[in-house]
Amino acid sequence: MDDILLHTCCGPCSTVVVPAWRERGVRPLAWFANANIQPPVEWRRRVESMRCYADAADVELLVAAESEQSEAWRAWAADLGELAAEERCRMCLGLRLEEAAAAAARLGVPRFSTTLSVSPYQRHDLIVAGGNAAASKHGVSFIYLDLRDRFRDTYAESRRYQLYRQSYCGCVASKWEAWQQRQQRRRQKGRMG
């Protein structure tokens, strides 16, 4: 393997995933789309963070236009409130990985992967299933690289590259859930203090 299309969710995750692929002799082509990220100002923050990292790390980066939201994304967003968390995440990961597989096929890159594989907060079984289904549909290969053991390194690398670090996965529902979890931790801390 010498090239791979790397779906990038953000700059911080890329700081450990790109070097991991390079250590394996693979030259990643970074691709950022992520129509799930809301609100639009958050999408712009994350893409800017990814651009900063790509420039600093000398990684070629392709960014899908912010307005390129497929019908599938619009339908998914419309049904967001109706979905249980696991179903919402399965659909979101599947849609993002399908877009990456389609981009790889369109660009003539035979393999793709994702930086989502560094997060211990993601459902890795859903990443693998979504990646394999997308690969089969678009005639490319999905390469899963489990990098959860390097997740803590993303904190130091984010500081080193001065990258914006988000506090939720991306969709409005995940933002709300992250806010609720932070509030719960504060309440528990208050009771202990």
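Rounding to the nearest 0.5 Å gives a distance of 8.0 Å between CG of L147 and OG of S113. With values rounded to the nearest 0.5 angstrom, L107 atom CG is found 11.5 Å from D3 atom CG. The NE2 atom of H138 sits 9.5 Å away from the CD atom of E99 when rounded to the nearest 0.5 Å. Annotation: the span from W31 atom CH2 to T115 atom OG1 amounts to 11.5 Å, rounded to 0.5 Å. If you take OG1 on T114 and CG on L93, they are separated by 8.0 Å, rounding to the nearest 0.5 Å. To the nearest 0.5 Å, atoms CE (M91) and CG (N36) are separated by 12.0 Å.
In this structure, the side chains of W21 and I143 come closer than 4.5 Å at one or more pairs of heavy atoms. When side chains are defined from C-beta on, R90 does not count as touching R123, because their heavy atoms never get closer than 4.5 Å. Counting heavy atoms from C-beta on, the side chains of R111 and V26 never come closer than 4.5 Å. Between L6 and V18 the shortest side-chain heavy-atom distance falls below 4.5 Å. Inter-residue side-chain proximity for R148 and Q122 is flagged as unmet; no heavy-atom pair is nearer than 4.5 Å. Using a 4.5 Å heavy-atom threshold, the side chains of T15 and D153 count as separate. Side-chain contact between R96 and C9: present, with at least one pair of heavy atoms (C-beta onward) separated by less than 4.5 Å. A 4.5 Å side-chain heavy-atom check between Y144 and S117 finds at least one atom pair inside the cut-off.
Taking the six-membered ring for Trp and thresholds of 30 and 60 degrees, Y53 and Y161 have ring planes more than 60 degrees apart, a perpendicular arrangement.
Closest approach of F142 and A135 over heavy atoms only: N-CB, 3.6 Å. The two atoms that bring G131 and L97 nearest to each other are N-CD1, 3.5 Å, heavy atoms only. Annotation for L5 and A100: closest pair CD2-O, 3.2 Å, computed over non-hydrogen atoms. Shown here for S14 and M50, the closest heavy-atom pair between the two residues is OG-SD, 3.2 Å. Taking all atoms of both residues into account, the shortest heavy-atom contact from P28 to R22 is CD-CG, 4.1 Å. The minimum heavy-atom distance between V118 and R150, with the atom names listed, is CG2-C, 4.2 Å.
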Using the rule given for side chain to side chain contact (heavy atoms under 4.5 Å, CB included), can you reason through E42 versus Q166, listing the C-alpha separation, both sets of side-chain angles and the distance that settles it, and then say yes or no? CA-CA 8 Å; E42 180 70 16; Q166 65 275 5; 3.4 Å; yes

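Relative to the ring axis of F32, R46 does not place its NZ or CZ within 45° and under 6.0 Å from the centre.
S158 contributes a side-chain N or O that, together with a main-chain N or O of T154, makes up a donor-acceptor pair within less than 3.5 Å. N34 places no side-chain N or O within 3.5 Å of a backbone atom of H7 that could act as its donor or acceptor partner.
A single hydrophobic cluster is not seen to contain both F151 and Y164; linkage of ILVMFWY side chains at heavy-atom distances under 4.5 Å, directly or through other members, places them apart.
Remark: E48 does not engage R44 in a salt bridge, criterion side-chain N to carboxylate O under 4.0 Å.
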